[in-house]
Amino acid sequence: MNQAQIRLSLEECTGCRACELACSFHRTQTFNPALSSIHVLSNNRTGERRYQVDVSCDVCKNEAVPLCIKYCAYKAIKLP
Ligand code: SF4
Ligand code: SF4
């Protein structure tokens, strides 16, 4: 369990936040971005984006592919 185990490329990320929905489903079987381990934050004024992965990320150990990776249509998240 290590937040350094997934990487998000902000150059490829569009800020759609589908990864947050996927992660909340992994964690709670509900779609609630507030319960996601990953958060993508966009500044609506400047367009600047940043992300954070908190310590609750278990790298989807029960999944063949981490759900945030699987459902990012832009292939912005990767394992190192
Ligand atoms: S699903 Fe992919 S493109 Fe969308 S916010 Fe997450 S990392 Fe960015
Ligand atoms: S690897 Fe799994 S637990 Fe970690 S942020 Fe992605 S979906 Fe959430």
Side-chain angles (χ1 to χ4, degrees):
M1 185 161 92
N2 184 334
Q3 65 190 48
Q5 289 181 283
I6 63 167
R7 293 262 187 267
L8 192 156
S9 167
L10 289 171
E11 291 179 359
E12 294 164 280
C13 174
T14 65
C16 72
R17 300 176 68 199
C19 53
E20 296 184 8
L21 292 175
C23 184
S24 67
F25 186 79
H26 162 68
R27 296 194 56 218
T28 68
Q29 285 71 58
T30 63
F31 294 107
N32 182 346
L35 301 177
S36 175
S37 299
I38 186 169
H39 296 281
V40 177
L41 308 157
S42 300
N43 183 314
N44 291 334
R45 190 171 54 81
T46 66
E48 182 187 4
R49 251 190 295 286
R50 61 192 173 89
Y51 78 99
Q52 59 191 43
V53 181
D54 70 35
V55 294
S56 63
C57 171
D58 66 357
V59 202
C60 287
K61 59 188 176 191
N62 61 330
E63 303 282 351
V65 177
L67 295 193
C68 59
I69 294 175
K70 186 175 181 178
Y71 291 104
C72 175
Y74 303 93
K75 309 293 183 205
I77 309 176
K78 297 178 174 63
L79 292 169

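All values below come from the heavy atoms of this structure, side chains included, with hydrogens, waters and symmetry mates left out. Whatever order the structure lists them in is the order used to number ligands and atoms, beginning at 1.
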[X] neighbourhood, listing ligand 1 atoms whose heavy-atom distance to it stays under 4.0 Å:
X	value
G15	5 (S), 8 (Fe)
C13	3 (S), 5 (S), 7 (S), 8 (Fe)
I77	7 (S)
R17	4 (Fe), 5 (S)
Y74	3 (S)
T14	3 (S), 8 (Fe)

Of N43, L41, V40, the residue whose pairing with R49 passes side-chain contact (heavy atoms from CB on, under 4.5 Å): V40
Whether C68 has an N, O or S atom under 2.8 Å from atom 4 (Fe) of ligand 2: no
Minimum-distance protein heavy atom relative to atom 2 (Fe) of ligand 1: C72 SG, 2.3 Å
Taking atom 4 (Fe) of ligand 2 as the reference point, the nearest protein heavy atom with its distance: C57 SG, 2.3 Å
Closest to atom 6 (Fe) of ligand 1 (judged by heavy-atom distance), picking from A76, A22, C19: C19
Polar side chain donor-acceptor pair, H39 to D54, under 3.5 angstrom: no
Taking 4.0 angstrom as the limit and counting only heavy atoms of [X], give me the atoms of ligand 2 inside it, by number and element.
X	answer
C23	3 (S), 5 (S), 7 (S), 8 (Fe)
V59	1 (S), 4 (Fe)
D58	3 (S)
P66	1 (S)

Straight-line distance of [X] [atom1] to [Y] [atom2], nearest 0.5 Å:
X	Y	atom1	atom2	result
Y51	R7	OH	CZ	6.0 Å
L21	L67	CG	CG	11.5 Å
Q5	D58	CD	CG	9.5 Å
I6	I69	CD1	CD1	6.5 Å
Q52	C57	CD	SG	12.5 Å
L8	I38	CG	CD1	5.0 Å

Other residues, nucleotides, ligands: >12 heavy atoms within 6.0 Å of K70 NZ: no
Mode of I69 contact toward ligand 2 - side chain, backbone, both, neither (heavy atoms, under 4.0 Å): neither
Within-4.5 Å side-chain heavy-atom neighbours: N62 and H26: yes
Ligand 1 contact on L8 by region, counting heavy-atom pairs under 4.0 Å: side chain
